[in-house]
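Below you'll find the structure, written out as structure tokens, and then a few comments.
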Amino acid sequence: MLGRALLSASRSERVRHLVETAPISRNVVARFVAGNKPDDAVKASQKLIHSDLKVTVDHLGEDTVERAQADAVRDAYLDLLARLSDAGLTGSAEVSVKMSAVGQALSGDGEKIALEHARAICTAATQAGTTVTLDMEEHTSTDSTLGILAELRKDFPSTGAVLQSYLYRTEADCRDLAVAGSRVRLCKGAYNEPESVAYQDAAAVDRSYVRCLKVLMNGSGYPMVATHDPRLIEIAGVLAAQNRREPGSYEYQMLYGVRPDEQRRLARAGETVRVYVPYGEQWYGYLMRRLAERPANIAFFVRALLSKK
Ligand code: FDA
């Protein structure tokens with residue numbers, strides 16, 4: 001309830017201004033975001049990779065409204081991939097890209113521009129010896145993003161997709177994508193979606209997650225289990241064993257700064273664990289989704305605000 005209210009409030013320009021200019025925000029941001037610059041992301045990745053974790057790096061930004069901004073995001077990814085490659089990290093570091101950040105929502109040719117930009121990023125990633133995963137955003141963009149994915153996979157078959165278990169449609173999407181070579185990150189979903197398209201009840205989202213995971217684990221693709229939920233992590237392990245999947249034929253994924261001990265515990269147990277590492281100036285939307293997910297995160301934010309006074 002609180003989370004939904006926060007996601008709605010985060011759309012207000014007044015709330016955005018308040019959060020962005022609060023002196024404390026930077027400290028709170030630092031818990032969830034690697035830094036402003038690509039080198040901050042490279043350093044954070046290096047540290048995680050040294051602890052036997054893998055990473056997927058996200059250049060923060062979404063809802064691009066100008067062509068020049070979409071071009072700049074593409075260039076930021078090309079620069080990031082070059083830096084990851086120079087640092088020798090691309091064996092364990094890939095990138096995550098939001099289609100809205102590379103122009104998907106621009107009027108007219110938006111989808112075409114996003115595809116072109118994503119193609120340029122996939123080309124650079126392939127040259128650097130790594131992969132790209134397309135993040136998933138609001139349900140209104142799901143068809144478009146899956147369409148872009150299908151185009152990209154013709155030339156870059158290892159391009160990953162994200163599916164969100166809160167959407168009614170997702171079990172069917174899992175069936176479509178549980179095919180050889182297909183990398184699918186399954187998450188619960190982080191946006192404020194209406195009842196017409198998404199489960200509203202947390203338990204129903206979790207049940208859907210398990211149904212989707214069964215499809216992915218039973219299929220011939222590469223499931224990426226993106227959750228911090230201990231019950232779902234345990235169920236993923238059971239399903240992997242039931243489907244005779246060896247560690248390395250699927251992976252766990254968690255967000256930077258969230259349950260780092262659990263990330264290391266799974267890695268020590270021989271599992272592949274990838275951490276989603278966001279960096280950049282455009283942290284507002286990302287931070288608000290993290291706060292909305294968990295009352296404890298909101299409490300952390302409020303405590304930080306109060307302790308500054
Ligand atoms: P949830 O938030 O429901 O938490 C369940 C339980 O996990 C809690 O009850 C608690 O036990 C434990 N837990 C959670 N946070 C904890 C913490 N900080 N400390 C201790 N325990 C904690 N979404 C999207 O819409 N599109 C996308 O492309 C992506 N991409 C993505 C990548 C990766 C790698 C991850 C991990 C997540 C995403 N998400 C996403 C976000 C996702 O949809 C979801 O909002 C968050 O992961 C939160 O959901 P959880 O599954 O973690 O469970």
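Model, not experiment: these values are computed from the prediction. We count ligands from 1, going down the list as the structure has it; atoms in each ligand are counted the same way. Computed over heavy atoms, backbone and side chain alike; hydrogens, waters and symmetry mates excluded.
- Under 4.0 Å from ligand 1, the heavy atoms of Arg185 that appear belong solely to its side chain.
- Contacts between Asp135 and ligand 1 below 4.0 angstrom, taking non-hydrogen atoms only, involve backbone and side chain alike.
- Remark: Arg290 is positioned above the aromatic ring of Tyr286, its terminal NZ or CZ atom under 6.0 angstrom from the ring centre and at most 45 degrees off the axis.
- Using modelled atom types and a 3.5 Å distance limit, the side chains of Thr272 and Glu251 yield no donor-acceptor pair.
- For Thr227, a nitrogen or oxygen atom sits less than 3.5 Å from a nitrogen or oxygen atom of ligand 1, counting backbone and side chain alike.
- The shortest N/O to N/O separation between Met136 and ligand 1 falls below 3.5 Å.
- For a threshold of 3.5 Å applied to N or O pairs, the pair formed by Tyr276 and ligand 1 contains no separation below that value.
- Between Gln253 and ligand 1, a contact under 3.5 Å exists for no N or O pair.
- Residue His228 touches ligand 1 through backbone and side chain together, judged by heavy-atom distances below 4.0 Å.
- With Glu262, Gln164, Glu137 as candidates, the residue nearest to atom 25 (O) of ligand 1 on a non-hydrogen basis is Gln164.
- Contacts with ligand 1 closer than 4.0 Å are made by side-chain heavy atoms of Tyr191 only, the backbone lying farther away.
- Only the side chain of Arg290 comes within contact range of ligand 1, with a heavy atom under 4.0 Å; no backbone atom does.
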